[in-house]
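In what follows, every heavy atom counts, from backbone to side chain, and hydrogens, waters and symmetry copies are set aside. Counting begins at 1 with the first residue of the sequence.
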Amino acid sequence: MTLRIFSKSKKTLRPGSNPRSWPTPSPKQKPSFFLIFIKTGFVLGIWGISILLLGALWFSHDLPELKDLQATARKPSITLQTQDGTIIGTYGDMYEDMLRVQDLPPYVSQAVMSVEDRRFYSHFGIDVIGLVRAAYTNYRANRIVQGGSTITQQLAKNFLQTQGLFNTSDRSLKRKIQEVLMALWLEWKFTKDQILTMYLNRVYFGSGTFGVDAAARRYFDKSARELTVYEAAVIAGLLKAPSKYSPAQHPERARSRAKVVLELMVESGFLREGASYLNQSEQPVGATKNETEQSLRYFTDWIYESIPNLVSVKGEDLVVVTTLDLPMQRHAESSAVSLLQEMGPELKTNEIALVAMTPNGEVKAMVGGRNYGSSQFNGVTQANRQPGSAFKFFIYLAALEEGLTPDTLIDDSPVEVGNWKPSNYKWKTRGEITMEDAFAYSVNAVTVRLTQHVTPQKVVSVARRLGITSNLTNDLSISLGTGEVTLLELTSAYATCTNEGKAVWPYGIIEIRNKRGDILYSHQDSHSNPVIAPIPLQSIRQLLSSVVQKGSGRATKIGYSVSGKTGSNGDIDAWFIGYREHLPIEHDPLSGSGYSNIVVGVRTGNNDNSLMAKISTGGRLPTRVAAAFFKGPNATTPTPQKPERTKPAKKELSQEKFDQLFED
């Protein structure tokens with residue numbers, strides 16, 4: 001029988017074995033640091049790749065299809081013209097030739113690559129070297145001076161924007177990630193030549209042109225197939241800042257930029273030397289027969305932006321017939337700019353805006369600024385400014401509707417409302433004066449008292465009824481014109497006085513039709529009821545006439561047919577809004593000369609709101625510009641006879657008072 005003996009460790013002793021002779025077990029070895037590092041890296045890599053794939057799937061789920069990317073990116077063309085058929089502007093793409101890279105001279109694409117992406121044919125959609133270089137350059141400059149995006153990325157960005165996924169100002173992380181994903185997908189899907197072809201036919205080159213062929217035709221009146229090396233450099237230079245380097249608006253800047261592009265082409269190895277190409281243009285840069293006159297761009301931009309509110313502009317070329325009167329437009333700009341150059345330095349003002357319309361709101365001329373090339377900001381439609389005393393028109397009209405008359409006597413002594421003490425500019429208190437004199441000489445104390453009488457709410461109501469849509473203050477400060485309005489809406493409100501008291505809504509489009517001649521939109525005049533009753537209308541017209549005949553608007557006294565109101569806003573803005581009627585020759589010796597039956601608004605100031613000179617009031621430059629406009633380009637100016645007063649005021653003005661007249 002075999003005896004089995006068990007130890008505490010439960011190990012079995014074999015017969016004849018000696019426990020002391022058993023081998024000692026070796027301690028367990030720890031894994032090396034390198035092996036741990038490899039394993040950890042592998043696991044993290046798996047997780048990282050998984051997260052990247054999931055992120056890519058998440059951000060790519062709403063990316064657009066690429067099926068339409070190789071089609072031309074041409075936008076519908078919009079041609080603006082006057083009623084006699086004169087073309088005054090074009091927008092969109094007038095040319096639709098889709099050119100391949102192989103169709104172009106090699107230096108056209110080389111010029112673009114030199115500026116935008118010189119390693120285009122060697123990277124995979126993301127230029128790692130370019131990104132490192134841009135990051136280092138920006139670090140050295142301590143600001144963003146260089147970008148690292150490739151042509152493929154720019155094409156991806158353009159495509160995402162045109163598909164409505166992002167707008168031009170979007171800087172979100174999602175947009176950046178989707179741009180990279182789209183760029184990688186483009187590189188996978190298309191050849192380099194195909195990508196470059198799509199880019200050259202979609203990128204914006206300024207002046208409403210998309211694509212290199214449209215740019216060549218707009219700036220050099222030729223196909224991109226026929227561009228010289230220098231002209232290709234000019235067009236490639238536009239990509240940095242289309243408006244700044246436009247050869248049509250800034251030929252010297254365009255030439256300087258083209259020189260830089262030629263030097264980059266030499267650095268990139270595309271040219272041996274670039275200086276010999278600087279005089280290669282066959283015609284002066286920008287001397288194209290299709291370039292829009294700069295004086296018209298404020299008006300045409302306003303029209304272009306209005307079109308989507310009237311018709312759909314998707315996929316169809318349009319012809320827009322506008323209200324612009326070309327001779328009147330040129331005279332308006334000449335009058336405004338020449339007087340600004342003459343008087344501006346003394347008055348410390350460098351900007352001017354003018355709009356002229358018929359009594360029913362048909363805009364005939366628009367000067368949005370001194371120079372469109374310097375600033376595209378439209379001082380007629382975009383500048384919201386305080387009108388100052390020009391707003392008193394609504395206050396006095398409200399008072400007249402409450403039963404007051406031009407002969408009503410009002411206290412003109414200084415007024416105090418709490419800590420507010422509005423002053424009378426150069427006006428010495430007379431005790432009581434008529435509403436007509438108070439309006440003519442723009443006495444602030446009377447205006448405040450009238451506002452207290454009718455209430456600020458009534459004043460706002462009257463302004464709204466006459467078409468003012470901008471924000472207005474609803475307290476007593478409104479009496480001094482502290483609300484902000486545009487020149488366009490203020491001028492159209494005054495036009496109500498010459499439109500039988502009916503509200504006036506300014507417009508610049510008469511008709512819109514497609515290229516087949518189908519009428520898509522036609523303006524219809526409003527047949528609304530008057531918003532000003534006959535008696536208040538007659539009275540406010542009398543007040544407006546007195547401003548020109550004896551008050552702050554005397555510089556516009558051309559015959560007896562001009563009426564209006566001046567205004568100023570704390571040396572920041574100066575205004576004149578008025579109109580000239582057509583009167584019989586026996587009442588106005590100047591009848592028949594210049595422009596009549598027209599309403600005009602003029603505002604001067606500085607776009608940065610810097611202060612003008614103290615003397616730069618509405619009675620200075622704005623009234624003189626309006627007078628020059630009313631006279632017309634060839635009008636004579638005989639001295640009119642003094643009119644007889646049909647209804648004398650209750651208080652005649654002394655000679656002393658006339659000597660103290662001021663310009664508001």
- Please assess D213 against S223 for the test side-chain hydrogen bond (donor to acceptor under 3.5 Å, both in side chains), listing each intermediate value before the final yes or no. CA-CA 6 Å; D213 195 57; S223 169; 3.2 Å; yes
- Where do F205 and R218 land on the side chain to side chain contact (heavy atoms under 4.5 Å, CB included) test, with the steps shown first? CA-CA 10 Å; F205 288 98; R218 170 58 63 90; over 6 Å; no
- Step-by-step side chain to side chain contact (heavy atoms under 4.5 Å, CB included) determination, E351 to F377: CA-CA 11 Å; E351 274 301 337; F377 182 75; over 6 Å; no
- Message: Does T300 form a side-chain hydrogen bond (donor to acceptor under 3.5 Å, both in side chains) with Y91? I'd like the steps, not just the answer.
- Response: CA-CA 9 Å; T300 58; Y91 291 81; 3.0 Å; yes
- Message: If you apply the rule side-chain hydrogen bond (donor to acceptor under 3.5 Å, both in side chains), what do you find for E362 with Y507, and how did you get there?
- Response: CA-CA 5 Å; E362 190 174 309; Y507 68 98; 3.1 Å; yes
- Message: Walk me through whether T498 and E581 qualify under side-chain hydrogen bond (donor to acceptor under 3.5 Å, both in side chains).
- Response: CA-CA 8 Å; T498 62; E581 299 178 281; over 6 Å; no
- Message: Between I572 and Q386, does the side chain to side chain contact (heavy atoms under 4.5 Å, CB included) criterion hold? Intermediate values first, please.
- Response: CA-CA 9 Å; I572 296 178; Q386 293 183 1; over 6 Å; no
- With side chain to side chain contact (heavy atoms under 4.5 Å, CB included) as the test, would you mind laying out the steps for E226 and E231 before giving the verdict? CA-CA 9 Å; E226 303 167 357; E231 291 164 348; over 6 Å; no
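Looking at heavy atoms from C-beta onward, Y230 lies in side-chain contact with R255 at the 4.5 angstrom threshold. Contact of the V337 side chain with the N371 side chain is not registered, since no non-hydrogen atoms from C-beta on lie closer than 4.5 Å. With contacts defined as side-chain heavy-atom distances shorter than 4.5 Å, the pair Q153/V180 qualifies. Side chains of T150 and F120 form no contact here, defined as non-hydrogen atoms less than 4.5 Å apart. Residues T491 and V380 are not in side-chain contact: their nearest non-hydrogen atoms beyond the backbone lie 4.5 Å or more apart. In this structure, the side chains of L200 and S109 come closer than 4.5 Å at one or more pairs of heavy atoms. Side-chain contact check for T486 versus Q382: every heavy-atom pair is 4.5 Å or farther apart. Between E316 and R516 the shortest side-chain heavy-atom distance falls below 4.5 Å.
To the nearest 0.5 angstrom, T469 atom OG1 is 4.5 Å from E489 atom CD. Rounded to the nearest 0.5 Å, atoms CG (L472) and CD (E484) are 10.0 Å apart. Taken from OG1 in T152 to NZ in K192, the straight-line distance is 4.5 Å, to the nearest 0.5 Å. The CG atom of L466 lies 12.0 Å from the CZ atom of R464; values are rounded to the nearest 0.5 Å. The OH atom of Y304 sits 10.5 Å away from the OG1 atom of T90 when rounded to the nearest 0.5 Å. T604 OG1 to N350 CG: the interatomic distance, rounded to the nearest 0.5 Å, is 10.0 Å.
Pairing each heavy atom of Q81 with each of V319, the nearest pair is OE1-CG1, 3.6 Å. Nearest heavy-atom pair across A233 and A258 is CB-O, 3.8 Å. Across all non-hydrogen atoms, the minimal contact from T82 to V321 is O-CG1, 4.1 Å. Considering every non-hydrogen atom in both L490 and A390, the closest pair reads CD2-CB, 4.2 Å. Taking each heavy atom of S470 and N384 in turn, the nearest pair found is OG-OD1, 3.3 Å. Taking every heavy atom of both residues into account, L537 and G501 meet most closely at CD2-N, 3.7 Å.
Within the 3.5 Å criterion, the main-chain N or O of P242 finds no donor-acceptor partner in the side chain of S246. Side chain of D518 to backbone of N514: no donor-acceptor contact under 3.5 angstrom is found. Proximity of a side-chain donor or acceptor of S461 to a complementary backbone N or O of Q457 within less than 3.5 Å is not detected. No donor-acceptor pair closer than 3.5 Å links the side chain of N606 to the backbone N or O of D608. Of the possible polar contacts, one joining the R580 side chain to the F630 backbone as a donor-acceptor pair under 3.5 Å is found. Judged purely by atom type and a 3.5 angstrom limit, H123 uses its side chain to pair as donor or acceptor with the backbone of G125. In this structure a side-chain-to-backbone donor-acceptor pair under 3.5 Å is missing from T496 to A503. Side chain of D317 to main chain of K515: no donor-acceptor pair is present (N/O by atom type, distance under 3.5 Å, no hydrogens or angles). Side chain of Q329 to backbone of D325: no donor-acceptor contact under 3.5 angstrom is found. A donor-acceptor pair under 3.5 Å is formed between the side chain of T323 and the backbone N or O of V363.
Between F393 and Y494, the two ring planes are parallel [angle under 30°; tilted spans 30° to 60°]. Note: F391 and F394 have tilted aromatic rings, judged against thresholds of 30 and 60 degrees for the angle between ring planes.
Counting heavy atoms of neighbouring residues, nucleotides and ligands inside a 6.0 Å radius, atom CD of E500 does not exceed 12 of them. For N309, the CG atom is densely surrounded, since the number of other residues' heavy atoms within 6.0 Å is greater than 12. The 12-atom threshold is not exceeded at NZ of K244, counting heavy atoms of other residues, nucleotides or ligands nearer than 6.0 Å.
Of the candidates Y579, Y595, F576, F629 forms a ring pair (Phe, Tyr, Trp, His ring centres under 6.0 Å) with just one, namely Y595.
Between the side chains of Y121 and D193, a donor-acceptor pair is found at a separation under 3.5 Å.
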